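Reminder, nothing fancy here: chain letters follow the sequence lines and each chain counts from 1. Computed from heavy atoms alone, side chains included, the values below leave out hydrogens, waters and symmetry copies. Note that the coordinates shown come from a computational prediction; the quantities given were computed from them, not determined experimentally.
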2 protein chains.
Amino acid sequence: MLSKKCKYAIHALVHMARDPEEKFLIKDISEACNIPKKFLEAILLDLKRSGVLGSKQGKGGGYFLRMKPADVNLAEVVRQFDGAIALVSCAAHKFYEPCAECEDEETCTVHDAFLQIRNATVEMLKADTLESLVKKEAKLKARKKR
Amino acid sequence: MLSKKCKYAIHALVHMARDPEEKFLIKDISEACNIPKKFLEAILLDLKRSGVLGSKQGKGGGYFLRMKPADVNLAEVVRQFDGAIALVSCAAHKFYEPCAECEDEETCTVHDAFLQIRNATVEMLKADTLESLVKKEAKLKARKKR
DNA sequence: TTAATCCCTATTGAATTAATAGAGTTATAC
DNA sequence: GTATAACTCTATTAATTCAATAGGGATTAA
């Protein structure tokens, strides 16, 4: 399972991506997305440090998307907050660590099975960009109205 | 990521499925799979309680597979030890819990995205039975020799 | 100069995880 | 019928991580 921090980050980003040019107050995002304000503060700061968000301090300030919604995908966000996407460390790429149980990765089918799952998951997470998520949301909402 | 407990359980089961009729001592599995003995003890007991393993007490005793290797898949094992397979609780089936962030699941694309990932993951985990894992292992080992 | 706003460090409490300790129970073999 | 091998069970602990909060500090606009 994802950490709450990661899930909060995703919801905050999707919220901002609905108005990609807008500037947002922590307080407003916090209320709109049901995220504890102080916790969100740390999250947005992290996202700023990683270059996804920009910010302006002082009165009239706020956070805004620095990257284009189409260029931010969930795989990156998940990795930033929760690390490896794979279910076992020996099947991870960016956070790879060997494991003591399967001595020979080449012939370990547990490794093999989780590698397949990791690859499929990463592919799907990469396809989920802020842009695609917001677009799909519009579709779902329109469909529901009818 | 899976817990160590869950990963250990999987490796122990695969080890046993290589000789599905055999009876195994905790100590031997522990050494073969590099799993702390006392920890493994608890794991095998859990697997016995859930019906996957059987055991015989006393001298000459040990653990053995009660279910056929083809009938034990990784989805069940993961659920038994780590709970939900989905990355967010609102996308889980057996461990479903609503989330505060997406007010309306029907139109929440975050929910939608993680539901797709969950479904694909479950499908793959279900396809990974002890039988299929052991068979594939044989293939990988044969291929490596050549 | 005041108020709004983001920035930063530290702390805390709860929960979970990984592992161990140690005694209890059961079955076999002699 | 006793010794021994093996699983069974409860409890405990140490370490880690997670979620959240506290409390100022720095910056900017009006």
Side-chain angles (χ1 to χ4, degrees), chain A residues 1-12 16 22-31 33-50 52-66 78 80-84 87-89 95 97 99-101, chain B residues 1-12 16 22-31 33-50 52-66 78 80-84 87-89 95 97 99-101:
Chain A
M1 301 266 284
L2 299 184
S3 67
K4 285 207 176 186
K5 196 170 187 179
C6 184
K7 203 182 170 195
Y8 288 158
I10 292 170
H11 278 283
M16 295 176 79
E22 195 57 61
K23 210 165 46 189
F24 297 86
L25 299 186
I26 297 176
K27 180 172 153 289
D28 291 342
I29 302 176
S30 158
E31 284 168 11
C33 300
N34 284 306
I35 303 171
K37 182 161 167 282
K38 270 294 189 181
F39 202 5
L40 181 61
E41 223 175 280
I43 292 166
L44 297 181
L45 216 43
D46 283 347
L47 286 168
K48 185 198 166 184
R49 294 204 180 103
S50 70
V52 177
L53 298 183
S55 70
K56 185 160 179 281
Q57 283 202 157
K59 194 167 182 177
Y63 278 100
F64 52 89
L65 282 170
R66 162 155 271 145
V78 169
Q80 173 172 352
F81 288 97
D82 287 1
L87 290 172
V88 297
S89 63
F95 294 85
E97 275 181 67
C99 75
E101 296 85 60
Chain B
M1 300 264 284
L2 299 184
S3 67
K4 284 206 176 187
K5 195 169 188 181
C6 185
K7 201 182 172 195
Y8 287 159
I10 292 170
H11 279 283
M16 295 176 80
E22 195 57 60
K23 208 165 48 188
F24 296 86
L25 300 185
I26 297 176
K27 180 171 152 290
D28 290 344
I29 302 175
S30 157
E31 284 168 9
C33 301
N34 285 307
I35 303 172
K37 182 161 166 284
K38 271 293 188 180
F39 201 6
L40 180 61
E41 230 175 271
I43 291 166
L44 297 181
L45 217 42
D46 283 347
L47 286 167
K48 185 198 165 185
R49 294 205 181 101
S50 68
V52 177
L53 297 182
S55 71
K56 186 161 177 282
Q57 282 201 158
K59 195 167 181 176
Y63 278 98
F64 52 88
L65 281 170
R66 163 156 270 144
V78 169
Q80 171 172 353
F81 289 96
D82 287 1
L87 290 173
V88 295
S89 63
F95 294 86
E97 274 181 69
C99 75
E101 295 83 62

Give the rounded distance in Å between these two atoms: [atom1] of [X] and [atom2] of [N].
X	N	atom1	atom2	answer
B/Leu25	D/dA5	CG	C1'	9 Å
B/Leu40	D/dA6	CG	P	15 Å
B/Ile43	D/dC7	CD1	C1'	15 Å

Q: Write down the atom of A/Gly62, the atom of A/Leu25, and the distance for their closest heavy-atom approach.
A: CA-CD2, 4.4 Å

Partner set under side chain to side chain donor-acceptor pair (under 3.5 Å) for [X], not counting sequence neighbours:
X	answer
A/Ser30	none
B/Lys48	B/Ser55
A/Gln57	none

Indicate, with a heavy-atom threshold strictly under 4.0 Å, whether [X] touches base, sugar-phosphate, or nothing.
X	result
A/Lys48	sugar-phosphate
B/Leu44	nothing
A/Lys56	sugar-phosphate

Q. Do A/Asp46 and A/Lys5 sit within salt-bridge range, that is, some charged N less than 4.0 Å from a carboxylate O?
A. yes

**Q.** Covered region of DNA chain C, 5' end to 3' end, by chain B [heavy atoms, under 4.0 Å]
**A.** C/dA18 to C/dT28

Q | Heavy-atom protein contacts under 4.0 Å, nucleotides 11-22 of chain D, coded B base, S sugar-phosphate only, - none | A | --------SSBB

Q. Listed by chain and number, what are the ring-ring contact (aromatic ring centres under 6.0 Å, His included) partners of A/Tyr63, not counting sequence neighbours?
A. none

Q: Please name the residue in the list A/Leu40, A/Ile29, A/Leu44, A/Ile35 that meets the side chain to side chain contact (heavy atoms under 4.5 Å, CB included) test with A/Tyr8.
A: A/Ile35

Q) If only atom types and distance count, is the side chain of B/Asp82 paired as donor or acceptor with the main-chain N or O of B/Ser3 below 3.5 Å? A) yes

